[in-house]
2 protein chains.
Amino acid sequence: MEGRCRVLQGPTIEEAFRAIRDGIAGRRNVLIVGNCWAEYFGRASSKLGAGERIVLIKSDGSTLVHRPRDYAPVNWQPPGSLFRTRIKEGRLHIRVFRRKQHESLELIFDRVYLVAILHLIDLGEFHLYASEEDMRQAILIEPSLVEEGFRPVTIERPVESGFVDILGVDREGRLTVVEVKRKAVGREAVLQLERYVEDLRRSTGREVRGILVGPEVSRGAQGLLAALNLEFKPLSPKRCAEVLGDKRDRRITDFALEER
Amino acid sequence: MEGRCRVLQGPTIEEAFRAIRDGIAGRRNVLIVGNCWAEYFGRASSKLGAGERIVLIKSDGSTLVHRPRDYAPVNWQPPGSLFRTRIKEGRLHIRVFRRKQHESLELIFDRVYLVAILHLIDLGEFHLYASEEDMRQAILIEPSLVEEGFRPVTIERPVESGFVDILGVDREGRLTVVEVKRKAVGREAVLQLERYVEDLRRSTGREVRGILVGPEVSRGAQGLLAALNLEFKPLSPKRCAEVLGDKRDRRITDFALEER
DNA sequence: TAATAAATGTCGTTT
DNA sequence: AAACGACGTTTATTA
């Protein structure tokens, strides 16, 4: 473990500097807790006043500056960033930059409470279920999730303005565009569907139905749907996962137990 | 600093458990480095195999599980989460959940390398420049950024399917919808603009121009624009920031809300 | 490399 | 509380 994890508590700026510089050079993960401020220039620009934060520099170069609140980092750099650390006027400067993107984050610490240099090995697999892709799969396996008598014909069918999620035929043989969303659909999704339907009407000269599938609709989207003569079919990712679980292999079944 | 930052290096599971439980109860920020695996159930569900990671539990309840790579956490919970920590079969279990949302993340550690309990004070202000809002401001101050002779009339004008960024009149008196984007515009933005233009044509019975303003257009969006007879005007957030820098100090704030 | 759309998106703002 | 849209969105996939 000692080889894996080197910790400095209450280091001097000089000690912190050396540990961080070497940690970054050695492609370790570097954790810094201290009082800092920051400036960012690139796609936009930003200024962050002084405060106590947690900074995480990962071995792939991604860098996160976390305040004691919120999910999102207040400042960051994506993977592949480069670093320059130095001491200036008794303070620790860490410049995180991406040359090609002309993007730079300058971090300045005047106090460092904790530095940890970590060699982490993480080969664990990660799997996510109940994605929009899973919903599409479920519909292909069990088309009645959309509507009794619905028959899918094509997936990812290209039309003029994009790709139709599922193109099929309803029980009366009408061409039917299905657009799937894993969360509550808003106006945006309706516009997308409307465009697809319009493209298909034009290119085929046939009558075309448009059905939005998702767990719920917003009020505004509801109105737009009505105005554009489009339809909504409620369907949750959860329900789809169940269908997939039944038909494929069991994955989500313990979810029901969890939910009570 | 000692009051601010309590660190356990290579603690036993029991020691880690106590420190973490008390840290969470005391609304501290808690850093954990160790070997863990995880399961998530909620909006979706996921399974993460064993590996060495950094876990950050913030004082507002937000929780992040970070692998040694990537900007994004592999698992997380938003602010406001609740916690239950316990030891089971010699392992440390941390359950992070939100009852109302029926969302739960279960983290299990079999080894803990480092625990830090942090009391962080962060009152620093954060400011972001060159946002889309800044671009709109710049256009209001300097309408020729869109086109010579353009005169803004209304901002955030509601139409049937949403809100028009800037509604104005071109040099020939034609109603003109301007949609602003801070980065390269894709199909989505074109659809949005098309809808607005269509709504206004219908509701006013007048000729309506639609101009998309942004740093660049994608190929596909370009095509869609042409097909729908809409226009594109290149304008970068940076250029807008310059304009604001020049003109802002003159305090032309509540400008352009009245019709001219 | 560019483009396109999903995301457990998150987050602020406004109704 | 719900809706709506921006975000330095990031990330994966595909042409």
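Chain letters run A, B, ... following the sequence lines, proteins first and then strands; every chain starts at 1.
Counting non-hydrogen atoms under 4.0 angstrom, Tyr196(A) reaches the backbone sugars and phosphates but no base. The residue Lys238(B) sits apart from the nucleic acid: no heavy atom pair falls under 4.0 Å. When heavy atoms are screened at a 4.0 angstrom cut-off, Gly220(A) is found touching the sugar-phosphate backbone but no base atom.
Comment: Lys238(B) does not engage Glu242(B) in a salt bridge, judged by the lack of any side-chain N to carboxylate O separation of less than 4.0 angstrom. Salt-bridge check for Glu179(A) with Lys181(A): passed, with a basic side-chain N closer than 4.0 Å to an acidic carboxylate O. Under the 4.0 Å criterion applied to side-chain N and carboxylate O atoms, Asp165(B) and Arg136(B) are assigned as salt-bridge partners. At a threshold of 4.0 Å, the pair Glu198(A)-Arg202(A) does not count as salt-bridged, since none of the basic side-chain nitrogens sits closer than that to a carboxylate oxygen.
Under the 4.5 Å side-chain criterion, counting only non-hydrogen atoms from C-beta, Cys36(B) is not in contact with Ile108(B). Counting heavy atoms from C-beta on, the side chains of Leu230(B) and Glu194(B) come closer than 4.5 Å. Two residues are said to be in side-chain contact when any heavy atoms from C-beta on lie closer than 4.5 Å; Leu212(A) and Glu231(A) fail this criterion.
As a whole-Å value, the separation of Ile155(A) CD1 from dT13(D) C1' is 13 Å. Going from atom CG of Leu225(B) over to atom P of dA3(C) covers 13 Å, rounded to whole Å. If you take CD of Glu39(A) and P of dG8(D), they are 16 Å apart, rounded to a whole angstrom. Rounded to whole Å, the distance from CD on Gln101(B) to C1' on dA2(D) is 14 Å. Atom CD of Glu106(A) and atom C1' of dG8(D) are 17 Å apart (whole Å).
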Readout for nucleotides 6-15 of chain C: B = base within 4.0 Å of protein heavy atom, S = sugar-phosphate only, - = neither; 5' to 3' it is SSBSBS----
Starting at the 5' end of DNA chain D, write a dot or bracket for each base, bracketing those in Watson-Crick or G-U wobble pairs whose two distances are under 3.5 Å and using | for partners on another strand. |||||||.|||||||
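Taking atom C1' in both dT14(C) and dG8(D), one finds a spacing of 24 Å when rounded to whole Å. Comparing the P positions of dT4(C) and dT8(C) gives an interatomic distance of 23 Å, to the nearest angstrom. Using atom C1' as the reference point in both dA6(D) and dT10(D), the two lie 14 Å apart (nearest Å). Comparing dC7(D) with dA5(C), their C1' atoms sit 16 Å apart, to the nearest whole Å.
Arg219(A) has no side-chain polar atom (N or O) that falls below the 4.0 Å cut-off from OP1 or OP2 of dA3(D).
Under the rule for a salt bridge (charged side-chain N to carboxylate O under 4.0 Å, His left out), Arg157(A) has no partner lying at least two apart in sequence or in another chain.
The structure places CD1 of Ile32(A) at 3.5 Å from CD1 of Ile94(A), a figure rounded to the nearest 0.5 Å.
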